[in-house]
Protein chains: 2
Amino acid sequence: MSLPHAILTALLEKPSSGLELTRRFDRSIGYFWSATHQQIYRELGKLEAEGYIRALPSQQPTRGQKKSYGVLPAGRAELARWTAASQDPKPPRDTLLLRLRAAAVVGTEGIEADLRRHLVLHQRQLAEYEEIEQRDFGPGRGTAQDRLQHLILRAGIDLETFWTRWLTHALEEFEGLSTAEGS
Amino acid sequence: MSLPHAILTALLEKPSSGLELTRRFDRSIGYFWSATHQQIYRELGKLEAEGYIRALPSQQPTRGQKKSYGVLPAGRAELARWTAASQDPKPPRDTLLLRLRAAAVVGTEGIEADLRRHLVLHQRQLAEYEEIEQRDFGPGRGTAQDRLQHLILRAGIDLETFWTRWLTHALEEFEGLSTAEGS
DNA sequence: ACCAGTTGTGCAACTAGTTGCACAAAAGGC
DNA sequence: GCCTTTTGTGCAACTAGTTGCACAACTGGT
C-alpha cells in the first residue's frame with residue numbers, strides 16, 4: 001500500500017503528468033520505490049477517483065494528450081496520516097542471498113560471475129549517489145528539508161557501500177574456496 | 001520466481017512437511033525470504049505436480065496428517081540451473097525511506113517514534129544473528145559449505161548493523177531538527 | 001465421554017506488481 | 001503528402017504474495 005503515497009509525495013514535490021512521474025520514478029524516488037508506467041497510470045486513475053488528486057486544467061484531456069495532476073487537500077491529509085502511522089518493517093527478500101544458500105547445497109557452479117556483475121552494478125549505483133551528494137549537498141547545513149533529503153541519500157550510499165564491500169569479500173572467499181573445494 | 005527454489009533448498013537441507021517448512025521459514029531461510037504457510041502448501045502442490053519433489057511414504061496421506069516431502073533429481077537439477085542463471089538485482093522497496101521522503105514534504109509529525117521502534121527491532125535482529133554466529137561459526141575455517149553459510153550470515157549481520165547505525169544517526173538528526181524547525 | 005486447545009493441511013478471495021500489447025498524436029525525414 | 005519514430009496514455013491478462021477462513025486429527029483436562 002505504498003505506491004499511491006509515493007505518487008502523492010512526488011506530485012506534492014512537483015505536479016506532473018503520468019510520463020513525467022514515470023521518469024522521476026526511474027531516478028530519485030525509484031531508488032527505493034520503483035514502479036512501471038502502467039502501475040502509475042492505474043494508480044493516478046484511482047487517486048483521482050478517490051478525490052486525492054485532480055487533473056490540472058489544460059487543452060484537451062483526450063488520448064495522447066499530456067495531463068498533469070496536482071494534489072488536493074484530502075490527498076495531502078492522507079499522505080500525512082500514512083507517514084505518521086506506525087508500520088512494521090517487512091522481512092527483506094533477497095534473491096542473491098537465497099541463491100548463495102542454494103549454492104551451498106547444489107554447488108557454486110556459475111554463481112561467481114553473477115556476483116561479479118552485481119558488484120559492478122552496486123559500484124555504479126554508489127558512484128551515482130555520491131555524485132548527487134557532491135552536487136546537491138554541500139558542507140553547510142541547509143534547511144530542515146535539505147537535511148532530511150540528505151539523510152535519505154545517506155541511507156542509499158551506506159547501503160550500496162555495504163553491498164560493494166560484502167560482494168568484494170564474498171568474491172575473495174570464493175578464491176579461497178576454489179582451491180580447497182571438492183565436496 | 002524464487003519461492004519454489006527457496007523451498008527446494010530447504011528440502012534438500014532436510015526433507016520436511018509443510019508445517020516444518022513453515023517453521024524454518026520463520027527462522028533461517030526466512031531471514032531473507034519469508035513465506036506464509038499458505039504460500040508454502042500451494043507451492044508444495046505445484047512442485048509435486050511438476051515432478052520436482054515427492055511425498056515421502058508414510059501412513060495415511062489424508063487430511064490433518066503429516067506429509068513429508070523429499071527432492072527428486074529433477075528438482076535438484078532445476079535448483080542448480082536457477083542458482084547458476086544470471087539475475088538482475090531488483091530495485092529495493094523500502095517503505096521507511098519513502099515515508100521519510102514524504103515527511104520532508106508534509107512534516108515529520110509522528111514518524112520519530114516509529115524510527116525508534118524500527119531501531120529496536122533491528123538491534124534485536126542483529127543480536128540474534130550475532131548469537132547464531134557465536135554458536136555455529138567458531139574461529140576455525142570449516143568446510144566450504146560452512147564458509148558459504150557464514151558468508152550469508154555475515155550479510156545479515158552487516159545489513160542490520162547498517163540499519164542500526166543509520167537509524168541512530170537519523171534520530172540524532174531529528175534532535176537537531178526539532179530545535180531549528182518551523183518551515 | 002466430552003470439550004478446549006493445539007497441530008497440521010488446505011481453499012478462496014483479495015491485493016500488489018509485471019508483462020505484453022494497443023493506439024493516438026506530434027515531430028522529423030524525404 | 002507519406003512514412004517512421006518518439007512521446008504519452010492506457011487496457012487486459014498474468015504472476016506473486018497476503019488474508020481470512022475451514023476443517024481434520026491428536027492431546028490433555030475434567
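We name chains A, B, ... by the order of the sequence lines, and we start the count at 1 in each one.
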Student: Would one find a side-chain N or O of B:T22 under 4.0 angstrom from OP1 or OP2 of C:dG8?
Tutor: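 No.
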Student: Among residues at least two apart in sequence or on other chains, which ones pass side-chain contact (heavy atoms from CB on, under 4.5 Å) with B:S34?
Tutor: A:P91, A:R93
Student: Applying ring pair (Phe, Tyr, Trp, His ring centres under 6.0 Å), name anything that partners B:W82, two or more places apart in sequence or on another chain.
Tutor: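 In terms of ring pair (Phe, Tyr, Trp, His ring centres under 6.0 Å), with neighbours along the sequence ignored, B:W82 is linked to B:H5.
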Student: Return the value, rounded to whole Å, for the distance between atom CZ of A:R23 and atom P of D:dT7.
Tutor: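 Result: 6 Å.
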Student: Counting only pairs under 3.5 Å, give me each side-chain donor-acceptor contact of residues 155-162 of chain A, with atom names and distances, residues two or more places apart or in other chains.
Tutor:
{"from": "A:D158", "atom 1": "OD1", "to": "A:R154", "atom 2": "NH2", "distance (Å)": "3.3"}
{"from": "A:E160", "atom 1": "OE1", "to": "A:H122", "atom 2": "ND1", "distance (Å)": "2.6"}
{"from": "A:T161", "atom 1": "OG1", "to": "A:I157", "atom 2": "O", "distance (Å)": "2.7"}

Student: How close or far is atom P of C:dT9 from atom CZ of B:F25, stated in whole angstroms?
Tutor: 15 Å
Student: Could you state the CG-P distance from A:L47 to D:dG10, rounded to the nearest angstrom?
Tutor: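 Atom CG in A:L47 sits about 13 Å away from atom P in D:dG10.
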Student: NZ of B:K46 versus C1' of C:dT9: gap in Å, rounded?
Tutor: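 After rounding, the gap between these two atoms is 17 Å.
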Student: Enumerate the residues from residues 31-41 of chain B whose closest heavy atom to DNA chain D is under 4.0 Å, giving them by residue number; use none for an empty result.
Tutor: B:W33, B:T36, B:Q38, B:Q39
Student: Distance check needed: D:dT19 P versus A:D88 CG, whole Å only.
Tutor: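 Value for this atom pair: 11 Å.
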Student: Would you mind telling me which residue lines up with the more 5' stretch of DNA chain C, B:L19 or B:R42, judged by nearest nucleotide?
Tutor: B:L19
Student: So, B:E20 and B:R24, do they make that salt bridge, N to O below 4.0 Å?
Tutor: no
Student: Output all residues satisfying side-chain contact (heavy atoms from CB on, under 4.5 Å) with A:P92, sequence neighbours left out; order by chain, then residue number.
Tutor: none
Student: Measure CG/B:L44 against P/D:dG17 and give the value in whole Å, please.
Tutor: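 The distance from CG of B:L44 to P of D:dG17 comes to 15 Å, rounded to the nearest Å.
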Student: Can you tell me which residue pairs pass the salt bridge (Lys or Arg N to Asp or Glu O under 4.0 Å) test with a partner in residues 26-42 of chain A, sequence neighbours excluded?
Tutor: none
Student: Figure out the NZ/P separation between A:K90 and D:dA16, and round it to whole Å.
Tutor: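 Rounded to the whole Å, the gap is 16 Å.
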Student: Output the rounded distance in Å from CD (B:E20) to P (C:dT6).
Tutor: 20 Å
